[in-house]
S.K.: 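My questions will all concern the structure given below.
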Amino acid sequence: MEKPVFRVRRSVTVATAALAAALACAPAAQAVPTAAAGPSPAAAADRSASAPSGARLRISTAYELPGERVYPEGIAADPRTGDLYAGSFTDGTVFKMTPGRRTAQIFLPAGVDGRHTANGLKVDRFGRLWVTDSTTGVSVYDTRSRRLLARFVVPGKDARFVNDLAVTPDGSAYLTDSVRAVVYRVTPGQLAGAGDEPVALTPRFDLGGLPGAHASDAYALNGIVADPSGRYLLAADMAGGDLYRLDVTSGAIRRVELRGGDMLHADGLELRNGTLWVVHNTDDAISRWRVSGDGSSARLERRAADEALQLPTTLVRVRGTLYVVRSQFDKGGPMGEGTPETPFTVAAVHGI
């Protein structure tokens, strides 16, 4: 394996530590709090905001997710239809959002197939919906029939947190584990050969030996995205603030040279035509980067923060619009006490 280049980063902030501690606990049912008086989510969010960088965000509510304790985490777009899917971290419900309909529909109910949480989501070009479960692994569904096609699980009983995923052009899926600092791979052959029984996940990349980046027990790998050519993956270390290039063919791991910023608190990633968008969850921020052709470096172009993003966890770009998940994890969810604004929503963001 090619040796990566390392650098020592500043200590992880209190916000990241709180996130790690909160996510270490499995989602649990809680009493639904009484809604607090105040402005509606639309009134609070449908506005523009200026950032020190000069970027100006235009934020509006695109979709509403029914339910009082949704706390959404992941989002995916069907490349064939433009439909969006979002998942609930607290109970595993998967919602389907159709252009022209403001309220999302329940696509997979809570608890289906034994899933009680949903993290990363991705729809591949064959119409298969991949849904990660942080406690076990990933489930694959047919978007037409909603039928479960396969399940892949992390073997053993040691701690794990299967987080985000990316699908490469050859149909392989790659999943980050934020606790074990590995990236699992599911090949098309494994998917085709999967039967009714769960199949064990195996690591393709191991980033656990990265020295000096962060504490050994910190939640690290989070968002991951595939280069459209299929040559490499980019995976963010939200604790150390680094971005890593994972070579799909050779297995080599190298740190991406970041210019003008870092990946601290980075969650979901979106890569299109050399432009990388990143949500920074506890910062209520989005950054935009220009990635070099070979993926070895990235330059920060813009960054903007706005409380109307409501602790964003991931994003997807469809026809020029960024659709951003507003998790509200810090409002009575896995990251703190409080009262969330309901309905939970997915925002449409322009201007970055």
Side-chain angles (χ1 to χ4, degrees), residues 59-67 70 72-89 92-110 112-113 115 118-133 138-152 164-175 186 188 191-192 194 223-230 268-273 275-277 279 312-327 343-350:
I59 303 172
S60 61
T61 296
Y63 297 102
E64 298 177 351
L65 308 177
V70 176
E73 211 278 347
I75 192 169
D78 188 329
R80 306 161 309 148
T81 66
D83 293 333
L84 301 178
Y85 296 84
S88 167
F89 178 77
T93 301
V94 175
F95 302 90
K96 180 178 181 180
M97 294 159 282
T98 303
R101 300 182 63 175
R102 186 176 178 88
T103 302
Q105 305 298 307
I106 293 178
F107 181 76
L108 297 171
V112 69
D113 303 312
R115 278 191 310 96
N119 295 74
L121 279 74
K122 186 68 67 176
V123 181
D124 64 27
R125 61 191 177 94
F126 300 105
R128 296 177 299 222
L129 173 65
W130 300 69
V131 183
T132 64
D133 178 330
V138 63
S139 299
V140 188
Y141 296 90
D142 186 313
T143 55
R144 296 182 182 87
S145 66
R146 309 188 189 194
R147 181 172 65 91
L148 177 66
L149 301 175
R151 288 184 63 208
F152 297 87
D164 202 0
L165 79 159
V167 179
T168 51
D170 72 346
S172 296
Y174 294 84
L175 304 88
V186 177
L191 180 59
I224 187 170
V225 68
D227 163 48
S229 72
L269 313 177
E270 177 79 341
L271 179 63
R272 296 290 183 89
N273 300 319
T275 298
L276 176 69
W277 290 270
V279 293
T313 49
T314 194
L315 75 172
V316 68
R317 185 174 172 85
V318 179
R319 299 185 182 92
T321 297
L322 290 176
Y323 292 95
V324 181
V325 173
R326 291 158 156 168
S327 76
F344 287 86
T345 59
V346 171
V349 179
H350 296 87

S.K.: Is the closest side-chain heavy-atom distance between Leu65 and Pro343 below 4.5 Å?
M.R.: no
S.K.: Might you work through the side-chain contact (heavy atoms from CB on, under 4.5 Å) test for Val138 and Asp133, ending with a clear yes or no?
M.R.: CA-CA 6 Å; Val138 63; Asp133 178 330; over 6 Å; no
S.K.: Of all the heavy-atom pairs spanning Arg146 and Ile106, show the shortest one and how long it is.
M.R.: NH1-O, 3.6 Å
S.K.: Quick one: pull up CZ in Arg326 and OG1 in Thr345 and give me the separation to the nearest 0.5 Å.
M.R.: 3.5 Å
S.K.: Quick one: does any side-chain atom of Arg102 pair with a main-chain N or O of Thr61 as donor and acceptor, under 3.5 Å?
M.R.: yes
S.K.: Does Arg151 use its side chain to pair, donor to acceptor, with the backbone of Val140 at less than 3.5 Å?
M.R.: no
S.K.: So Asp83 and Thr81, side chain to side chain donor-acceptor pair (under 3.5 Å) or not? Walk me through it.
M.R.: CA-CA 5 Å; Asp83 293 333; Thr81 66; 3.2 Å; yes
S.K.: Taking all non-hydrogen atoms of both residues into account, name the closest pair between Gly87 and Ala118 and its distance.
M.R.: CA-CB, 4.0 Å
S.K.: Can you tell me how far CH2 of Trp277 sits from CG of Leu322, rounded to the nearest 0.5 angstrom?
M.R.: 6.0 Å
S.K.: Tyr323 and Ile75: side-chain contact (heavy atoms from CB on, under 4.5 Å), yes or no, with the steps?
M.R.: CA-CA 8 Å; Tyr323 292 95; Ile75 192 169; 4.0 Å; yes
S.K.: Is Lys122 close to Leu129 at the side-chain level, that is, under 4.5 Å between some pair of heavy atoms?
M.R.: no
S.K.: Applying the side-chain contact (heavy atoms from CB on, under 4.5 Å) test to Tyr174, which of Val225, Leu165, Val186, Thr168 qualifies?
M.R.: Thr168
S.K.: From the options Val123, Leu121, Asp124, select the one residue that forms a side-chain contact (heavy atoms from CB on, under 4.5 Å) with Trp130.
M.R.: Asp124
S.K.: Quick check: does any side chain N or O of Asp113 sit under 3.5 Å from a backbone N or O of Arg115, one acting as donor and the other as acceptor?
M.R.: no
S.K.: Take Leu148 and Ser139 through the side-chain contact (heavy atoms from CB on, under 4.5 Å) test and state the conclusion after the steps.
M.R.: CA-CA 7 Å; Leu148 177 66; Ser139 299; 3.8 Å; yes
S.K.: Return the minimal non-hydrogen interatomic distance between Thr314 and Gly268, and the atom names on each side.
M.R.: OG1-CA, 3.3 Å
S.K.: Quick one: are Asn119 and Phe89 in side-chain contact, heavy atoms under 4.5 Å?
M.R.: yes
S.K.: Above 12 or not: heavy atoms from other molecules or residues under 6.0 Å from CZ of Arg80?
M.R.: yes
S.K.: Do the non-hydrogen side-chain atoms of Val324 and Val346 ever get within less than 4.5 Å of each other?
M.R.: no
S.K.: So Phe344 and Ser327, do their side chains get closer than 4.5 Å, heavy atoms only?
M.R.: no
S.K.: Are side-chain heavy atoms of Val316 and Leu84 found at a separation under 4.5 Å?
M.R.: yes
S.K.: With a 3.5 Å distance limit and no angle check, can you tell me whether Thr143 reaches the backbone of Gly127 through a side-chain donor-acceptor pair?
M.R.: yes
S.K.: Locate the shortest heavy-atom distance separating Phe126 from Arg144; write the atom from each residue and the value.
M.R.: O-NH1, 4.2 Å
S.K.: Would Tyr85 and Phe107 count as a close aromatic pair, with their ring centres under 6.0 Å?
M.R.: yes
S.K.: Ignoring hydrogens and geometry beyond distance, is a side-chain donor-acceptor pair present between Ser172 and Asp170 at under 3.5 Å?
M.R.: yes
S.K.: What closest approach, in Å, do Gly230 and Pro169 show between heavy atoms, and which atom pair accounts for it?
M.R.: CA-CD, 3.6 Å
S.K.: How far apart are the C-alpha atoms of His350 and Thr321, what are their side-chain angles, what is the distance that settles it, and do they pass the side-chain contact (heavy atoms from CB on, under 4.5 Å) test?
M.R.: CA-CA 6 Å; His350 296 87; Thr321 297; 2.8 Å; yes
S.K.: Taking the side chain as C-beta and beyond, is there a heavy-atom pair between Leu175 and Thr132 under 4.5 Å?
M.R.: yes
S.K.: Using atom types as modelled and distance alone, determine if a side-chain donor or acceptor of Ser145 lies under 3.5 Å from a backbone N or O of Arg147.
M.R.: yes
S.K.: Report yes or no: does Ser88 contribute a side-chain atom to a donor-acceptor pair with the main-chain N or O of Thr93 at less than 3.5 Å?
M.R.: no
S.K.: Please confirm whether the backbone N or O of Arg317 pairs with a side-chain atom of Glu270, one donor and one acceptor, at under 3.5 Å?
M.R.: yes
S.K.: Indicate the atoms forming the closest heavy-atom contact of Ala104 with Met97, along with that distance.
M.R.: CB-CG, 3.5 Å
